[in-house]
J.: 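Below is one structure. I have some questions about it.
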Amino acid sequence: MNTNKYSTISLNRNPSKFLSIFAKNWAAFFLLILIVVFSFTGQRFFHLANFQNIVHLSTIYLLLSSAETFVIITGGIDLSVGFVMGLSSVLSATIMQRLYAANYSPVWSILIGCIITLIVCIIPGFISGVLITKYKVPPFIATLGVGGIANGITLLMCGGFPVAFLPPYLTEIGNGYLIYVLPGKAFSFFNRPEGIFGEEVKDLIRIIPNSFIFIFIILIILWHVLRNTRFGKHNYAIGGNMDASVRAGININKHLMTVYVLAAFLSGVAGVFNVFQTGIGNYTPFSAMYELLAIAGVIIGGASLMGGKGGIIGSVIGVILISVIENGLHLSGVDPFYRFIAVGLVLIIAVVIDQSFPDLL
Amino acid sequence: MEKMIIEKNGIRGFFMQLGNKWAIIFLLLEFTIFSFAIPGFFSFNGIQVLLINSPFILLLGLAETFVIISGGIDLSVGFIMGFASVVSAKLIAVFVELGINDLFSIIIGIIATLIIGTIPGLVNGILIGRLKVPAFIATFSMLGITHGISELLIEGSYAKNVPPLAGAIGNGSLINIVPGKTVSFFISPAVQRGEQLIEILPNMFVIPFIIIVVFAFILKRTKFGKHTYAIGGNVDAAIKAGINVKNHITKIYMLSSLFSTIAGILYMLRFVTGKADAGLVFLLDAIVAVVIGGASLYGGIGTVWKTLTGCFIILVLEMGLRMFGVPTFYKLIVVGIILIFAVLIDQFFPELIHKED
């Protein structure tokens, strides 16, 4: 059989090695290029403080995106993450507020609030999971419905206003840094060194936000789970070829159930963290579109909505890319509305590149 | 195509019929309950208000019906609607400033907007049909892009200087009667103090309704409609049958964009302004209405009339809860439950889905 014809075609279609590496990691390259460009155009972009800020502000999106990563790799989609996050934020804030008002110590009210909320937040994921696995409802619809219900409950709980009057220490933990250095004078962990006022506060160098440590630990765990464990392997298998994984003896229903519960749990963590960062319980407004931005991050990071592709590192790069675009455009003095357009364009580029080099990715 | 036979007799047959028609039964039930529970709900004015609030969800629902039947999804309809409201308001203001009279500037502005409004759909269609970008991603990008452009056009506020004539059209009715004096069409006559004005069929309902009737016909009876079902049902088969799928998908997304544009223009006419996030709240409602109406996100199933039922389930619910004095937050919960219920019914009676049409 003459295979020559086919081999030349595949040769011609195979781009050079450099191009293939570029196409595989274009998001990372693009991120680097953006950082270089913004360093020139943006005032105070290239600063330790600003980079820490970018990570700090994208914590929530990192959590939601890693939740979506698991779901999207299985070939599903979760439109409820943003609203589950809102539910978690308002619920935990309400519990903390009530307990603190009932004279519990701040530490206990915060702890109890967080634990109860994280348990409650599993419920929406459980319901989505049952609908998707047992009743074969398409994930899009199941999570859309569950998200709407979660949002309604959230708004009923808070009446459409943020929940305030929370115990102290919340924002100090959420917005604190690991190390504080006042060059040549003071040095401390977790808390600002005492006795610093006025001009000196400006010179205080803050290193490594608490949120960074927190998100780093979670991401490492998730990365390990997805890459090195059987659970992760099954995740890719289900997304890649459902029938084959059924034949390989994977309990698909149980697995998908776990994945949607995990996604809801991570969204719950994001909501609790939102309370720590802002000091109030925030419901999710319709215009926030958390879930869509989280999905955008995952797709830019190289995942496919068809399933079977993607990873935590890619998603992290995707989310950071979006954050850097927003932050950089802002610091460069560009009208903030350009960022909607920019994110849209990057997303299209991502998928077109993905389509152009199907054999490489 | 071979039609599936459905049992019509016996208990199961009864439930099948019930399951098949559940949306319309639910709508009637909902309407009856609200009519009895709320004074003034089932009245001339009550229904008038219901119709006045309907155009945006109806048009976006129509857009989603075509897209979802073809097996795709369009997330950009809400912001294309906002984009169109901003563009039309801006254009009309510009024309008025140039010294063209109000009526002509409104007409030219609307025609220009209808043309500009199909561009996002064209881009969506090319991305989805030719470059094989997943519909979810392509239309989400277009959502961001149209949102950004419209915010830039109005600099984060809202479009101003639209002539009041636009509002007169937008808030007028098809038939306006001042008892014993005049009858006028489309624009309400000037009313003296103490005179009563009877308005029948608001323009806000008449315009989308005409469009819906036309496109319900197109979807059901023409080749265009048949091809839409064919592509949604089985793309490979459609290609083998010689349908130009790429072109057809492009057309469908342009159509969806056009309907959203009309919704945006109606928004401008009614509120005499343009807002970037005008259609934000209607996006999910529209998708939900289509799914409640029995369409499948996998494509190939659904009709315009069923979408209409879905739209009115949401509209009646929203208005009923509002007149009850219940926080509208309950609407989110109830709609979520109905949505899941709708899909579950399809799952329990899979034979139903392939019937009809």
Side-chain angles (χ1 to χ4, degrees), chain A residues 77 79-80 83 127-128 131 134-160 283 285-287 289 292-293 295-296 299-300 304-306 335-352 354-356 358, chain B residues 73 75-76 78-79 123 127 131-156 276-277 280-281 283-285 287-288 291-292 296-298 326-344 346-348 350:
Chain A
I77 199 156
L79 297 179
S80 66
F83 297 122
I127 297 174
S128 308
L131 288 172
K134 194 149 190 272
Y135 297 109
K136 309 290 173 217
V137 177
F140 189 97
I141 302 291
T143 55
L144 186 64
V146 168
I149 297 173
N151 193 24
I153 293 175
T154 311
L155 286 166
L156 280 178
M157 208 164 12
C158 67
Y283 64 92
F286 259 119
S287 52
M289 290 191 262
L292 291 179
L293 281 168
I295 294 169
I299 300 294
I300 291 174
S304 154
L305 282 183
M306 304 295 151
D335 204 315
F337 298 124
Y338 278 108
R339 72 159 201 258
F340 298 127
I341 304 176
V343 171
L345 289 178
V346 172
L347 199 56
I348 292 179
I349 296 173
V351 185
V352 171
D354 196 83
Q355 295 292 340
S356 314
Chain B
I73 191 127
L75 299 179
S76 62
F79 280 100
V123 178
L127 285 172
L131 297 175
K132 305 281 172 233
V133 175
F136 189 92
I137 301 295
T139 55
F140 174 53
S141 311
M142 194 46 66
L143 175 157
I145 293 169
T146 45
H147 185 193
I149 293 176
S150 30
E151 290 279 17
L152 285 172
L153 280 174
I154 52 175
E155 286 150 352
D277 57 354
L280 180 69
V281 285
L283 161 65
L284 287 183
D285 278 356
I287 297 177
V288 169
V291 174
I292 289 178
S296 154
L297 282 184
Y298 296 120
V326 177
T328 36
F329 313 140
Y330 278 109
K331 178 208 149 196
L332 298 167
I333 302 178
V334 179
V335 168
I337 292 171
I338 298 176
L339 178 68
I340 292 171
F341 180 67
V343 186
L344 283 183
D346 287 350
Q347 299 298 338
F348 286 134

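All chains are named by letter (A, B, ...) in the order of the sequence lines, taking the proteins before the strands, and each is independently numbered beginning at 1. All values reported here derive from a predicted model rather than from experimental measurement.
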J.: With a 4.5 angstrom heavy-atom cut-off, is it the side chain or the backbone of B/Leu280 that approaches chain A, or both, or neither?
T.: side chain
J.: With a 4.5 angstrom heavy-atom cut-off, which part of B/Leu283 approaches chain A: side chain, backbone, both or neither?
T.: neither
J.: Where on B/Leu297 is there a heavy atom nearer than 4.5 Å to chain A: the side chain, the backbone, both, or neither?
T.: side chain
J.: With a 4.5 Å limit on heavy-atom distance, are the side chains of B/Leu284 and A/Leu79 in contact?
T.: no
J.: I need the residue from A/Leu292, A/Val343, A/Val346, A/Ile77 with the largest number of non-hydrogen atom pairs under 4.5 Å to chain B.
T.: A/Leu292
J.: Less than 4.5 Å apart, side chain to side chain, heavy atoms only: is that true for B/Leu152 and A/Ile341?
T.: yes
J.: If I take atom CG from residue A/Leu144 and atom CD1 from residue B/Ile287, how far apart are they, to the nearest 0.5 angstrom?
T.: 7.0 Å
J.: Would you call the rings of A/Phe140 and B/Phe136 parallel, tilted or perpendicular if under 30° counts as parallel and over 60° as perpendicular?
T.: perpendicular
J.: Is A/Asn151 close to chain B through its backbone or its side chain, or both, or neither, when contacts mean heavy atoms under 4.5 Å?
T.: both
J.: In terms of heavy-atom proximity below 4.5 Å to chain B, should A/Leu156 be classed as side chain, backbone, both, or neither?
T.: both
J.: Which heavy-atom pair separates A/Pro138 from B/Val343 by the least distance, and what is that distance?
T.: CD-CG1, 3.7 Å
J.: Check whether A/Leu131 gets within reach of chain B through its side chain, its backbone, both or neither, counting any heavy atom under 4.5 Å.
T.: side chain
J.: Does any heavy atom of chain B fall under 4.5 Å from the side chain of A/Leu305, the backbone, both, or neither of them?
T.: side chain
J.: Quick one: of B/Ile137, B/Val281, B/Leu131, who has the most non-hydrogen atom pairs under 4.5 Å with chain A?
T.: B/Ile137
